[in-house]
Structure formats: structure tokens, C-alpha cells
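Remarks on the structure that follows.
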Amino acid sequence: MAVIKVTEQNFKSEVLESSVPVLADFNANWCGPCRMLAPIVEEVSEERRDVKFVSINIDEEDILAEDYGISSIPCLVLFKGGEEVDRMVGLRPKDDLLDFLG
Amino acid sequence: MMYDIIIIGAGPAGMTAAIYARRAQKSVLVLEAQSYGGQIINTPEIENYPAAANISGFDFASNVYNQAKALGAEFKFENVLELRDTGASKEAVTKRGEYSARAVIIATGSANRKLGLEGEDRLTGRGISYCAACDGAFYRKKTVAVVGGGNTALEDALYLADVAEKVYLIHRRDSFRGDEATVERLKSRENVELVLNSRVTALNADKRLQSVEVKANDGSVRELKVDGLFAAVGRVPENQSFSNLIELDGAGYADSDESCRTKTAGVFVAGDNRRKEVRQLVTATADGAVAATAAIRYLNEG
């Protein structure tokens, strides 16, 4: 499953109203660790079809970043039923991401 | 299978060693705990590497990785838990298995030193950061504190003074180890307050960091309301798993000679985890070349 790009416009429908858990990857183009993490998230998305994976660019979506108090990137936020249930910051190996998803 | 050389760590030092070893026709396995690139990927712009006037750390790391791959270096993303020496062969043990080689280059680099405060891990990304260049922009018009007294702390404070409303610089002594010129520049900034002879003793938070408790050497305690706390208290070399085979100094750096040889024949060190004066990108890659050359000689003579 591919990682979907999410903006303020489709955040509600893709994330908050999603019927499955959503892993939101807050990132920026200038952030090296984010660029390093992106292919790992992509790989995990292939293995975990029960989760929706979305990518949010914090420079383009500064309101979403502000709303969720993002203060360090990359930041992975896990949503269930429209609520944040957990978050993980920084570049991590694939096994950590799989553990994080439970 | 028995590799000629196992390289532990895929940062600039390790990947450069891989390039040199492959060009000498040695089989190479690079074992990396996280992802290739190491610390340099946190640097948005490298401007002091010869022949590359301006390149991002990510692009630099990707270029070196692609170069090493194209030359035939094999990469596995597994954390080495233990290194064993049976004389003729060395065995690197990971969660998934064991890998053997005749020589090993340890190029594991270093990690951020933590403050050692309760709640620190939970609040990382919720107000606590170890990289002002990465996360400073999130604190526009906010109040932040920097902890530390070296050049990194001073430069972080100076950078944050441009972004944030107010910056506290908390340091346990009354003088700084960093450059005098940077100290003077900091002192001239109206929105920077030096909190000297003091250390952070507690983090107060609900969902994110709200304030820090600071205790001075005279026993007085202050609470500083901050939105962010940037820790710049040095780095820790990642040599702990290999102390059975290499000599470590008091700070944990690996002892080696000019050729990056350690006390164990066939075990070499390269990069920031090695004891040396200058830890820069260019000295990391240089170490990689030197260690690989020494390893190649060891193999050819062995």
C-alpha cells in the first residue's frame, strides 16, 4: 500500500474519519532523517495492510503541524478512531516501526 | 560465508572504508543498526568538504552509499550486539544471526548524550530536542533553553536567539569551553540570558514540556517556563559492545595507532568513535581510507 500525501483539505477524511488506524509521518524536504525514514515507512506500509500510511509536509501544512504540536521531525503519529494514541520521534529502524504499530 | 572485511557502521567512515576495500577486491559486509549515513544526515548543508562547496548531508550520504553499493559492498541493516575474536576469524553477532570475517572495522560513531532526567525520553519531540538546526524552526517566537557549555551549545543558543523570543543558556560552570568569540556574540544578544553555575534537575510537563527546574551550585532553585529544551551536552562514542577487543579511554573513545589498528590483530577503528583531536566529516572519511588500507594489508600479509 502506498503512502498517501495528506493536506489540511483531506486530513479529516483520510485520517480522523478513517475506519482503520492511521500512521501519519510529519516530515520536511530539508530534513535528512525524514528523507531517510520515508523509504522505511514505505516498506512497512507493504507489510502492514491493516494500517493506513500518510505523509504530511510540515512546511506546506503548518496548521496541521501546529495543531498536533509537532516540534521535532520526523514525527510519526498513530491515530485510532480520530484520536492520537501514540507518537514516535526521530529516524528509527524498521523493526522499531513495526513494534510501534503493535 | 566468510567475508574478508566486516564494517560495523554505515556512516561516512564505514562507507568510505567499504569503497577502499572493494577497490582492493576484498569482499565487504557493512552492518548498520539504523540506516546509512550516520550523523551527517542531520546536517542540512555541508560547506567544508573539499570539492563539494555545498551539499546536503542526505545527498552526501546517498552518494557515498550508492558508490559503495556500485562497487559491490553488501549492506545489512542489523545491530551488532557482540564481536568475537577467534584469532583467524572475527564473528559479529546480531539479533538475526552471526557473520564472519577475517578483519573488522568498527565505525560506529557516537550518539547524543542525554541529560539523564526523568521523562526525558517521553518528552523527546514534545519539547526536548538534541538538534537546534533540525528543530529550532518550531520555536519561532517561543521561549527555549539550551543546556551545555561547549561550542555546540553556544552555537545552538546563537542560532535559537534568531528564531525564538527568549533563550536561556544553562551551564553548570561559570565559564564556557567554547570559543570566546561566540561567547561574546551571545552576551551581546538581548534575548539571551545566561544561567550559570546551574544544572537542570527536573522536567515539568503535561502532554509536552512546560518548564524546567534549575538548581544553582549555591543551592537556590528556579523554575524556568520554556516551550523547548535543547540538550547540547556532548556525545557518547558507541564502543561499549566492543570493549572486549579494543582499549577504551576514560570517555569511551577507542584507542588506536595512526593506522587505526587496535590492540586486537585484525580489528580496526574509524571515525568519531576513535580517539583523536578532530572529528569532522573529512577526518571520518580519512579514517575510513586509513583503516581499510591497514585491514587490506593485514589480510594480504596474513
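Letters A, B, ... mirror the listed sequences (proteins, then strands); counts begin at 1. As the structure is a prediction and not an experimental result, all values here were calculated from the model.
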Practice task
Please state whether the side chain, the backbone, both or neither of B/Lys207 comes within less than 4.5 Å of a heavy atom of chain A.
Solution key: neither
Problem - Rounded distance (nearest 0.5 Å) linking atom CD of B/Gln34 with atom CG of A/Asp96 - result: 8.0 Å
Exercise for the section: Measure the CZ-CG distance between B/Arg96 and A/Asp95 for me, rounded to the nearest 0.5 Å. Expected result: 5.0 Å
Handout entry: B/Gln240 atom CD, over 12 foreign heavy atoms within 6.0 Å
Key = yes
Handout entry: Pairwise side-chain contact, A/Ser71 with B/Asp135, heavy-atom cut-off 4.5 Å (strictly under)
Key = no
Completion exercise
Scanning both residues in full, the closest heavy-atom pair of A/Pro93 with B/Ala33 reads CB-O, 3.7 Å
Practice task
Please report the shortest heavy-atom distance between B/Phe138 and A/Ile73, naming the atom on each side.
Solution key: CZ-CG2, 3.9 Å
Practice task
Please say whether more than 12 non-hydrogen atoms of neighbouring residues, nucleotides or ligands are located less than 6.0 Å from CD in B/Glu193.
Solution key: yes
Practice task
Examine whether an atom of B/Asp227 lies under 4.5 Å from a heavy atom of chain A, and if so say whether it belongs to the side chain, the backbone or both; otherwise answer neither.
Solution key: neither
Practice task
Examine whether an atom of A/Ile58 lies under 4.5 Å from a heavy atom of chain B, and if so say whether it belongs to the side chain, the backbone or both; otherwise answer neither.
Solution key: side chain
Exercise for the section: Would you check if the side chain of A/Arg35 reaches a backbone N or O of B/Phe58 as a donor-acceptor pair within less than 3.5 Å? Expected result: no
Fill in the blank from the handout: Between the CG atom in A/Leu91 and the OG atom in B/Ser35, the distance rounded to the nearest 0.5 Å is 4.0 Å
Problem - Side-chain heavy-atom pair B/Arg126, A/Arg87 within 4.5 angstrom cut-off - result: yes
Completion exercise
Of all heavy-atom pairs linking B/Thr124 and A/Val89, the shortest is O-CG2, 3.7 Å
Practice task
Look at atom CD of A/Glu66 and say whether more than 12 heavy atoms of other residues, nucleotides or ligands are closer to it than 6.0 Å.
Solution key: no
Completion exercise
Note: A/Ser72 and B/Gly125 closest approach over all heavy atoms is CB-CA, 3.5 Å
Handout entry: Nearest heavy-atom neighbours spanning A/Gly69 and B/Arg208
Key = O-NH1, 3.2 Å
Handout entry: B/Tyr130 versus chain A, the contacting section by heavy-atom distance below 4.5 Å
Key = neither
